[in-house]
Amino acid sequence: MSLKIMHTGDLHLGMKFNQYPNISTELENARYQALENIIREANRRNTDLLAIAGDLFDRASIKNVKIKETISILNGFAGDAILILPGNHDYSDGVSNLWSQFKTEIKGRMLILDQEKIYLLNDFGINAAVYPAPCDRKLSAENRLGWIKNLTERPQINYHLLLAHGALAGFSPDLNDDYFKMTEKELLNLEMDLYLLGHSHLPYPKKEKLSGHKIFNNGTPEPDGMDCSHPGSAWYIELNKKKEVEASRIKTGNYHFSDQESELNSLNDLKNLIDKIIDSEAKTKILRLRLKGELPRDDFAEKDKQLARLRENCFYVKIDQNDLTIKINQELITEEFAENSFPFQLLKELEDNHQAQYLAYKMLKEVQQ
């Protein structure tokens with residue numbers, strides 16, 4: 001019989017979005033909704049085990065009411081057991097009371113993997129052993145795999161699973177070796193059947209479906225910023241009797257971030273751009289849009305109507321128009337300013353510097369008004 005696992009982590013429940021004050025509450029709530037999405041999908045697939053590979057919470061100081069809310073969501077999992085590993089944000093250092101509070105609220109089928117020891121899952125009807133590498137602080141130059149390397153014997157059991165939180169060398173950025181870095185070779189030398197990692201907010205491997213691979217990084221299930229372009233995901237993994245792996249990535253996020261830049265030369269360029277954005281799940285899009293280029297005067301006057309259409313259709317839009325200007329040519333200068341006047345001469349002198357010419361034009365028009 002195969003072992004079915006839903007692998008997630010880096011939910012960062014309790015994360016604040018102060019940089020988005022108008023939608024901060026929605027973004028904070030979306031992280032709890034992502035956990036609900038994961039459990040709903042896990043139940044649909046009759047998953048045996050839910051594995052959370054660190055950073056369930058964004059910090060170690062979480063209000064008890066939020067702990068209870070999280071446990072209430074987790075209790076919706078219909079499988080046999082839930083594994084929760086402390087990460088470098090919600091680390092277990094023996095001082096913070098996060099996990100002691102959590103343990104007082106949970107039922108027996110939830111395991112907090114905060115000890116460097118082998119956890120046997122036989123009591124949950126799962127013939128597997130779990131080897132955790134929990135974080136005990138926010139930063140560390142060394143990972144927490146050492147105790148596993150030093151083991152002299154292991155239990156006779158069907159499946160050996162490793163859960164670790166930290167940067168995977170060559171995949172997760174860790175230039176200063178601050179985030180419990182580990183290598184693929186180091187992991188594979190531990191001779192586990194499956195390695196479930198957390199830390200990077202990008203899923204690893206990048207493929208949507210694959211067979212035979214043993215090392216997985218969950219990626220965040222709910223995007224949290226412009227550097228997170230994927231829609232949020234978790235891994236569904238099956239281990240068969242022969243310990244062969246089949247895995248598929250499932251979408252779990254509610255919102256998605258998009259950082260775009262576009263050069264415009266006409267109003268039609270802008271219309272086409274907005275149509276394309278609206279057609280790409282605009283109602284859940286958090287968009288940062290930088291516009292540049294030069295538009296004819298009449299087109300420039302109409303652009304705000306088009307941008308209003310974009311704002312109406314997107315969940316959230318921030319638009320930078322600082323590099324989008326009116327196309328100033330000889331015809332425009334002659335039409336708006338008397339020949340040989342100061343404005344006329346100034347704009348003529350600046351014709352090789354379009355940005356300065358536009359700023360001068362803008363100020364001159366303001367003075368006229």
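Here, residue 1 is the first one in the sequence, and each next residue gets the next number.
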Taking [X] for its side chain and [Y] for its backbone only, find out whether a donor-acceptor pair lies under 3.5 Å.
X      : Y      : value
Tyr316 : Ile23  : no
Arg31  : Glu222 : yes
Asn143 : Lys181 : yes
Asn254 : Ala30  : yes
Asp193 : Lys243 : no
Asn97  : Gln101 : no
Asp90  : Pro86  : no
Thr252 : Ser233 : yes
Asn158 : Asn127 : no
His256 : Thr284 : yes

Leu3 and Leu161: CA distance, side-chain angles, deciding distance, side chain to side chain contact (heavy atoms under 4.5 Å, CB included) verdict: CA-CA 11 Å; Leu3 176 61; Leu161 315 175; 4.2 Å; yes
Please determine if [X] and [Y] form a salt bridge, counting it only when a charged side-chain N lies under 4.0 Å from a carboxylate O.
X      : Y      : value
Arg309 : Glu312 : no
Lys285 : Glu281 : no
Arg144 : Asp136 : yes

Looking at [X] and [Y], what are the two nearest heavy atoms and their distance?
X      : Y      : answer
Leu120 : Pro155 : CD2-CG, 3.8 Å
Ile319 : Leu310 : CD1-CD2, 4.2 Å
Tyr159 : Asn240 : OH-O, 3.2 Å
Ala282 : Ile277 : CB-O, 3.8 Å
Pro132 : Ile148 : O-CD1, 4.2 Å

Atom pair [atom1] ([X]) and [atom2] ([Y]), whose distance is rounded to the nearest 0.5 Å:
X      : Y      : atom1 : atom2 : result
Lys138 : Asp93  : NZ    : CG    : 12.5 Å
Trp235 : Leu196 : CH2   : CG    : 11.5 Å
Asp123 : Asp80  : CG    : CG    : 12.0 Å
Tyr255 : Lys283 : OH    : NZ    : 12.0 Å
Thr220 : Leu11  : OG1   : CG    : 6.0 Å
Lys305 : Leu307 : NZ    : CG    : 12.5 Å

Walk me through whether Glu69 and Lys66 qualify under salt bridge (charged side-chain N to carboxylate O under 4.0 Å, His left out).
CA-CA 5 Å; Glu69 180 181 350; Lys66 289 299 182 181; 3.2 Å; yes
Mark yes when over 12 heavy atoms from residues, nucleotides or ligands other than [X] sit less than 6.0 Å from its [atom1]; otherwise mark no.
X      : atom1 : value
Glu191 : CD    : no
Phe57  : CZ    : yes
Lys209 : NZ    : no
Glu142 : CD    : no
Lys276 : NZ    : no
Lys303 : NZ    : yes

From the list Leu56, Asp58, Asp55, side-chain contact (heavy atoms from CB on, under 4.5 Å) with Leu13 holds only for Leu56
Between Asp227 and Phe257, is a side chain to side chain contact (heavy atoms under 4.5 Å, CB included) present by the stated rule, with each step listed?
-> CA-CA 8 Å; Asp227 58 344; Phe257 289 79; over 6 Å; no
- [ ] Tell me whether the centres of the aromatic rings in Tyr131 and His160 are closer together than 6.0 Å.
- [x] yes
Kindly work out whether a path of hydrophobic side-chain contacts (I/L/V/M/F/W/Y, heavy atoms less than 4.5 Å apart) joins Leu139 to Met182. no
- Any chain of hydrophobic side-chain contacts (each under 4.5 Å) joining Val245 to Leu163? yes
Which pairs of donor and acceptor atoms, one on a side chain in residues 197-204, lie under 3.5 Å apart (sequence neighbours left out)?
unit_1: Ser200; atom_1: OG; unit_2: Leu202; atom_2: N; d: 3.2
unit_1: His201; atom_1: ND1; unit_2: Asp224; atom_2: OD2; d: 2.9
unit_1: His201; atom_1: NE2; unit_2: His12; atom_2: NE2; d: 3.1
unit_1: Tyr204; atom_1: OH; unit_2: Glu184; atom_2: OE2; d: 2.2

- [ ] Please work out whether the ring planes of His213 and Phe216 are parallel, tilted or perpendicular, with thresholds of 30° and 60°.
- [x]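 Taking Phe216 first and then His213, their aromatic rings stand perpendicular (interplane angle over 60°).
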- Query: Would Asp259 and Arg290 satisfy side chain to side chain contact (heavy atoms under 4.5 Å, CB included), going step by step from the backbone distance to the final call?
  - Reply: CA-CA 8 Å; Asp259 191 13; Arg290 289 181 294 273; 3.1 Å; yes
### Message
Holding to side chain to side chain contact (heavy atoms under 4.5 Å, CB included), I want the full list of residues that pass it with Asp299, two or more places apart in sequence or in another chain.
### Response
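With sequence neighbours excluded, Asp299 shows a side chain to side chain contact (heavy atoms under 4.5 Å, CB included) to Ser266, Leu267, Leu295, Pro296, given in chain and number order.
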How far apart are the C-alpha atoms of Asn189 and Lys185, what are their side-chain angles, what is the distance that settles it, and do they pass the side chain to side chain contact (heavy atoms under 4.5 Å, CB included) test? CA-CA 6 Å; Asn189 283 341; Lys185 181 179 179 180; 3.9 Å; yes
